[in-house]
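In this chain, residues are counted from 1 in sequence order. Hydrogens, waters and symmetry mates are skipped; everything else that's a heavy atom, side chains included, is used.
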Amino acid sequence: MFVVEDRGGAVALMVASLLFLGTWPALLTLLERRGRLPQHTYLDYSVTNLLAAAVIAIIFGQFGETRPGMPSFFTQLTQDNWPSVLFAMAGGIALSIGNLISQYAWAFVGLSVTNIICSSLAVVLGTTMNYFLDGRINRAEILFPGVACFLVAIFLSSAVHSSNAKDEEDKLSMSGFRNAFEHYQSEFSSRDLPLMSRGIELSSDVADQGVKLLPNQEELENGEEDDFDTGTAEFIVQVEKRRSIKVFGSSRWLGLGMVLLAGVCFSLFSPAINLATNDQWRTLRDDVPHLTVYTAFFYFSVSCFAVGIGLNARLLYRPVAGVPPSTIGAYAGDWNGRHWALLAGLLCGFGNGFQFMGGQAAGYAAADAVQALPLVSTFWGVILFGEYRRSSRRTYLLLGCMLSMFIVAVVLLMASAAHRKTG
């Protein structure tokens, strides 16, 4: 059995987890923006997410010599440890619901803002719970200033979202574009979106010619008409025309409400794993060893898989957020982008596993530093999706302050890492 023995190894696992957890949402967002149904994507994602947990449990938790009080993975599957199993599975349920909500929230408020608010809430609430569950092994004078930085990031991210939304509305209201946008809005939504005018840049094609702003649907489905400048008004409409979740005319507050709910769910799964592996509430009999982090993570992923499959199978036939209905047969035959969805599940699975392995070694409160994944997802949001392109100076200033706050928070949470005694 592989056991992380030192603080350096724990920090290395946290860094790898940060990269993985910051990348997989970008892959799901990429597929949604290309028009793949989120139900199809999440069903694929759920399969490889469980596969990653099984691989970690067997390779790290079964092979090699066992230690006193740390049985192998297969041995623990037959032991009377159901109270800890229930804690682990409750954490998986919370994560699965949070992931499902955030998948739709990405369309409403963008990848960067969604991950920022969710991660900040997970740290503010989850890290506080983990600190006390872990017997205060992490240095409070360093840990909680880092938590405060995440809290500040929540307010900054809200300001970034508001400023960027204002910029997009102004792009859509420029002369030469208003009529095309109103035609699009009447075709796809009966709701009104306020239009304002401050003079944010359109691309030269629209400014000079007033040419068509909505690409031909056949060309769009064939992957053509991809030459719009990112960040311009016609680029925004092009994305909306193609994407599977329709959000034009929707309340921005609805999107933020979804993000806040997802963040609360994310704040619960790490404390649940902490309880499952360390039994702070003494729910196990004295002769039953605690769950290893590998066994707990496997049960965690099983419940995450069950909820994800069940909810998304229902959403195939009863979709929400303007997503068209589908069937099991249509899902089975949808290979468009399936490899990216499967890769996203692997990245999320290994990312969560590495986070829990690092947390068991150095304290789950410190391991919550991986919730700074917006540092990675914002990079992908800008590179892949053109988020914040051609925005105002105010938006760029707020974005810079927000990312700086995350960097400070990561440094502080990593510095608070301790070493948990095993055995």
- Note on the structure: Heavy-atom closest pair (Leu43 atom, Gly308 atom, distance to 0.1 Å) is CD2-O, 4.5 Å
- Message: Working note: Ile328 + Leu316, criterion side-chain contact (heavy atoms from CB on, under 4.5 Å); need CA distance, chi angles, decisive distance, verdict.
- Response: CA-CA 7 Å; Ile328 293 294; Leu316 284 175; 3.4 Å; yes
- Message: I'd like to know if the side chain of Asp334 reaches the main chain of Asn336, judged simply by a donor and an acceptor atom lying under 3.5 Å from each other, with no hydrogens or angles considered.
- Response: yes
- Item | Main-chain N/O of Pro25 paired to Thr29 side chain as donor or acceptor, under 3.5 Å | yes
- Go through Leu27 and Trp380 one step at a time and tell me if the side-chain contact (heavy atoms from CB on, under 4.5 Å) criterion holds. CA-CA 9 Å; Leu27 298 178; Trp380 291 121; over 6 Å; no
- Ser163 to Leu398 - nearest heavy-atom pair and separation: CB-CD1, 4.1 Å
- Task: Would you confirm whether the ring centroid of Tyr131 sits within less than 6.0 angstrom of the ring centroid of Phe144?
- Result: yes
- Message: Keeping Thr277 on the side-chain end and Asn274 on the backbone end, is there a donor-acceptor pair under 3.5 Å?
- Response: yes
- Ion pair present between Arg285 and Asp279, side-chain N to carboxylate O less than 4.0 angstrom? no
- Query: Hey, would you say the Tyr396 and Tyr388 ring centroids sit under 6.0 Å apart?
  - Reply: no
- Item | Flag side-chain contact, heavy atom, 4.5 Å: Met89 against Cys304 | no
- Message: Has Gln371 got a side-chain atom pairing as donor or acceptor with Ala122's backbone, closer than 3.5 angstrom?
- Response: no
- Item | Side chain to side chain, Leu95 and Cys265, heavy atoms closer than 4.5 Å | no
- Task: Find the distance between CG (Asn164) and OG (Ser391) and round it off to the nearest 0.5 Å.
- Result: 4.0 Å
- Query: Mind checking whether Tyr45 and Trp24 have parallel, tilted or perpendicular rings, split at 30° and 60°?
  - Reply: parallel
- Just wondering, more than 12 heavy atoms not from Phe155 lying within 6.0 Å of its CZ? no
- Just by modelled atom types, is the Gly9 backbone N or O under 3.5 Å from a matching donor or acceptor in the Asp6 side chain? yes
- State the CG-CD1 distance between Leu412 and Ile142, to the nearest 0.5 angstrom. 7.5 Å
- Asn130 side-chain N/O to Ala367 backbone N/O, donor-acceptor pair under 3.5 Å: no
- Does the side chain of Val124 come within less than 4.5 Å of Ser267's, by heavy atoms? no
- Message: What I'd like to find out is whether the side chain of Tyr42 reaches to under 4.5 Å of the side chain of Asn99, using heavy atoms alone.
- Response: yes
- Task: For Ser392 and Asp167, test the side chains for any donor-to-acceptor distance below 3.5 angstrom and give the result as yes or no.
- Result: yes
- Has the side chain of Asp368 got a donor or acceptor atom that lies under 3.5 Å from a matching backbone atom of Val123? no
- Task: Please examine the side chains of Asn49 and Leu346, heavy atoms only from C-beta on, and report whether any two atoms are closer than 4.5 Å.
- Result: no
- Parallel, tilted or perpendicular: ring planes of Phe266 versus Phe269, cut at 30 and 60 degrees: perpendicular
- Please test Phe63 against Phe2 for side-chain contact (heavy atoms from CB on, under 4.5 Å), starting from the C-alpha separation and ending with a verdict. CA-CA 8 Å; Phe63 296 146; Phe2 175 76; over 6 Å; no
- Output for pair (Met129 CE, Asp134 CG), nearest 0.5 Å, gives 12.5 Å
- Message: Name the residue from Leu86, Ile273, Leu77 that meets the side-chain contact (heavy atoms from CB on, under 4.5 Å) definition with Tyr299.
- Response: Leu77
- Task: Could you tell me the separation between the CG atom of Asn352 and the OG atom of Ser301, rounded to the nearest 0.5 Å?
- Result: 7.0 Å
- Query: Crowded around Arg338 CZ? As in, over 12 foreign heavy atoms under 6.0 Å?
  - Reply: yes
- Go through the steps to decide whether Gln360 and Asn278 satisfy the test side-chain hydrogen bond (donor to acceptor under 3.5 Å, both in side chains), and finish with yes or no. CA-CA 9 Å; Gln360 187 63 20; Asn278 296 301; 3.1 Å; yes
- Message: Check whether Thr292 reaches the backbone of Met70 with its side chain - one donor and one acceptor, N or O, closer than 3.5 Å.
- Response: no
- Message: By the definition side chain to side chain donor-acceptor pair (under 3.5 Å), identify the one residue from Gln76, Gln79, His290, Gln62 that meets it with Thr295.
- Response: Gln76
- Note on the structure: Between Ala361 and Ala10, the two heavy atoms sitting closest are CB-CB, 4.0 Å
- Query: With a 4.5 Å heavy-atom cut-off, do Val259 and Ser102 have their side chains touching?
  - Reply: no
- Task: Spell out, as yes or no, whether a donor-acceptor pair under 3.5 Å connects the side chain of Thr78 to the backbone of Thr75.
- Result: yes
- Is a donor on one side and an acceptor on the other found under 3.5 Å between the side chain of Ser303 and the backbone of Phe300? yes
- Query: Do Phe87 and Thr283 have side chains that get closer than 4.5 Å, going by heavy atoms?
  - Reply: yes
- Task: Might you point out which heavy atoms bring Met357 and Ile56 nearest each other, and give the distance in Å?
- Result: SD-CG2, 4.5 Å
- Message: Is the distance from the ring center of Phe356 to that of Tyr294 below 6.0 Å?
- Response: no
- Message: Is there a side-chain contact (heavy atoms from CB on, under 4.5 Å) between Asp44 and Arg36? Walk through the geometry before answering.
- Response: CA-CA 12 Å; Asp44 289 334; Arg36 192 170 198 251; 2.8 Å; yes
- Message: Quick one, Leu18 and Phe354 - any side-chain contact, counting heavy atoms below 4.5 Å?
- Response: no
- Message: For a quick test of reading the model, state the closest non-hydrogen atom pair linking Thr48 to Gly345 and the distance between them.
- Response: OG1-CA, 3.2 Å
- Looking at CD of Glu32 and NE2 of His40, how far apart are the two atoms once the value is rounded to the nearest 0.5 Å? 13.5 Å
- Query: Taking all non-hydrogen atoms of both residues, which atom of Trp335 and which atom of Ala332 are closest, and how far apart?
  - Reply: NE1-O, 3.5 Å
- Message: Nearest 0.5 angstrom please: Leu133 CG to Thr127 OG1, how far?
- Response: 11.5 Å
- Message: Side chains of Tyr331 and Asn312 only: does a donor on one sit below 3.5 Å from an acceptor on the other?
- Response: no
